[in-house]
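All remarks here apply to the structure that follows.
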Amino acid sequence: MSESVIRLQGVMKKYVSHEVLKGVSLQVNKGDIYGLIGKNGAGKTTIFKMILGLSPMDEGTVSISGSTNEKELLKNRGRIGFFVGTRFFDNLSARDNLDYFGTVKGISGKYRKEETERVLEIVGLKDVRKKYKGFSMGMKQRLGIANALIGNPEILILDEPTNGLDPQGIADVRNMIHRINEEFGITVVVSSHILGELENTATRFGIVHEGLVAKEITREDLKIREDKIEISVDDLERAKEVLAANGIKVLKETQERSTLEEFYFRVIGGV
């Protein structure tokens, strides 16, 4: 049985009169790359805030590494690294920015410098000397991920880490996530609007729709096509005539598997 590292049960959150989360339940297992997908405003960022304790929930429970009480949650949240944007000092280098944020996180002395070098190597910025204001969008995203990795967290939360990147930058982030997960054993939770890319990145997915997690699936589930059989015939046109004569509509002639995008729109009822 898979070990749960994050579990939300019946989590509700309302801002004034707007109900953002309507009873969210989800489970992230140890070793997952868990992809959170949904439209703008579906509640993805609010879910992250509930996990991180950045906003109080109205109802429900959050469990991190098996703990639900506030004292243990506070401790276990310290094992989570998170990327929620790129806010750094323009006139500092990558190294100096990370040194500053390492100090803010309470990492002191020699270990902080070692951590800075370690995470810069992971994200490919170790040899970059220029100031942050001269960084490309891809370099800024990399630095944000490096900052999230300081302190060697057990869980990493990445909110839209490929936002604004070109195809090469997106591929670089994907490869980085795989390395972080496989080489360092870090459980990753990542959100993205790019469903095709997330399909190639994550091992499990949570589909967020209208304040609920409508469905949780694994990558293996995408190989199962609902309401489909596969047959081989020696006369394709004749076979289609027979199907049509019996009121069976041929929707698509060939498809080996569902894409994440297809599965997503089947779940939410979109086009």
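No hydrogens, no waters, no symmetry mates; every other heavy atom, side chains included, goes into these values. What you are looking at is a predicted structure, and each value in this text was computed from that prediction instead of being measured.
- Scanning both residues, V208 and G43, for their nearest heavy atoms gives CG1-N, 4.4 Å.
- Contacts classified as side chain to side chain donor-acceptor pair (under 3.5 Å) and involving residues 125-137 (residues at least two apart or in different chains) are given here: N91-K133.
- The minimum heavy-atom distance between G81 and P153, with the atom names listed, is N-CB, 3.4 Å.
- Within the 4.5 Å cutoff, no side-chain heavy atoms of E199 are placed close to those of L195.
- Checked by atom type and distance alone, the side chain of K44 pairs as donor or acceptor with a backbone atom of K39 at under 3.5 Å.
- Among all heavy-atom pairs drawn from L212 and V24, the shortest one is CA-CG2, 4.1 Å.
- Proximity of a side-chain donor or acceptor of S191 to a complementary backbone N or O of I37 within less than 3.5 Å is not detected.
- For L165 against Q141, the heavy-atom pair with the smallest separation is CD2-CG, 3.7 Å.
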Report task. Mind running side chain to side chain contact (heavy atoms under 4.5 Å, CB included) on L143 and L98 for me, showing each step along the way? Result -> CA-CA 8 Å; L143 186 59; L98 292 181; 3.7 Å; yes
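- G35 approaches A202 most closely through the heavy-atom pair N-CB, 3.6 Å.
- We find that E121 and R179 are joined by a salt bridge, their nearest charged nitrogen and carboxylate oxygen being less than 4.0 Å apart.
- Panel note: side chain E72, backbone N69; no donor-acceptor pair is recorded below 3.5 Å.
- One distance of note links CZ of R7 with CG of N29; it measures 8.5 Å at 0.5 Å rounding.
- The shortest distance between side-chain heavy atoms of T46 and Y15 falls below 4.5 Å.
- Of the inter-residue distances, the one linking I177 atom CD1 with L156 atom CG reads 8.0 Å to the nearest 0.5 angstrom.
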Between side-chain atoms of residues 47-64 and protein atoms elsewhere (two or more places apart, or another chain), which donor-acceptor pairs fall under 3.5 Å?
residue: S55; atom: OG; partner: K13; partner atom: NZ; Å: 3.3
residue: D58; atom: OD2; partner: K14; partner atom: N; Å: 2.6

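- Not counting sequence neighbours, the partners of Q168 by the side chain to side chain donor-acceptor pair (under 3.5 Å) test are D172.
- No chain of hydrophobic side-chain contacts below 4.5 Å, direct or via other Ile, Leu, Val, Met, Phe, Trp or Tyr residues, connects L74 to I157.
- Interatomic distance, CG of N246 versus CD of E241, reported as 12.0 Å (0.5 Å rounding).
- Looking at every heavy atom in both residues, I6 comes nearest to S4 through O-OG, 3.5 Å.
- Side-chain atoms of R79 never come within 3.5 Å of backbone atoms of E154 as a donor-acceptor pair (strictly under, hydrogens ignored).
- Two residues are said to be in side-chain contact when any heavy atoms from C-beta on lie closer than 4.5 Å; I207 and F263 meet this criterion.
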Query raised in the report: Would N76 and S67 count as a side chain to side chain donor-acceptor pair (under 3.5 Å) if you check the C-alpha gap in whole Å, the side-chain angles of each, and the deciding distance to 0.1 Å?
Result: CA-CA 8 Å; N76 290 340; S67 300; 3.3 Å; yes
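- Under the 6.0 Å cut-off for aromatic ring centres, F88 and F101 qualify, their centroids lying closer than that.
- Put simply, the side chain of N147 reaches to within 4.5 Å of the side chain of K105, judged on heavy atoms.
- Here the straight-line distance linking atom OH of Y34 with atom CD of E216 works out to 3.5 Å at 0.5 Å rounding.
- We find the CG-CZ distance between L149 and F82 to be 12.5 Å, quoted to the nearest 0.5 Å.
- Following chains of ILVMFWY side-chain contacts shorter than 4.5 Å, one can reach L120 starting from V104, so the two form part of one hydrophobic cluster.
- Counting non-hydrogen atoms of other residues, nucleotides and ligands closer than 6.0 Å to CZ of F83 gives a total above 12.
- In this structure, E117 and R95 have side chains that are in contact, with non-hydrogen atoms separated by less than 4.5 Å.
- At least one donor-acceptor pair closer than 3.5 Å links the side chain of H178 to the backbone N or O of T201.
- For K113, the NZ atom counts as loosely surrounded, since its 6.0 Å shell holds 12 or fewer non-hydrogen atoms of other residues, nucleotides or ligands.
- Atom-to-atom distance recorded for I33:CD1 and N200:CG is 11.5 Å, nearest 0.5 angstrom.
- Between E261 and Y264, every side-chain heavy-atom pair lies at or beyond the 4.5 Å cut-off.
- One finds a salt bridge joining E197 and R174 here, because a Lys/Arg side-chain nitrogen approaches an Asp/Glu carboxylate oxygen to under 4.0 Å.
- Here R112 does not pair with E115 in a salt bridge; the nearest charged N to carboxylate O distance is not below 4.0 Å.
- Each of N175, L158, I186 was evaluated against I180; a single residue qualifies, I186, per the side chain to side chain contact (heavy atoms under 4.5 Å, CB included) test.
- Using a 4.5 Å heavy-atom threshold, the side chains of L260 and L222 count as touching.
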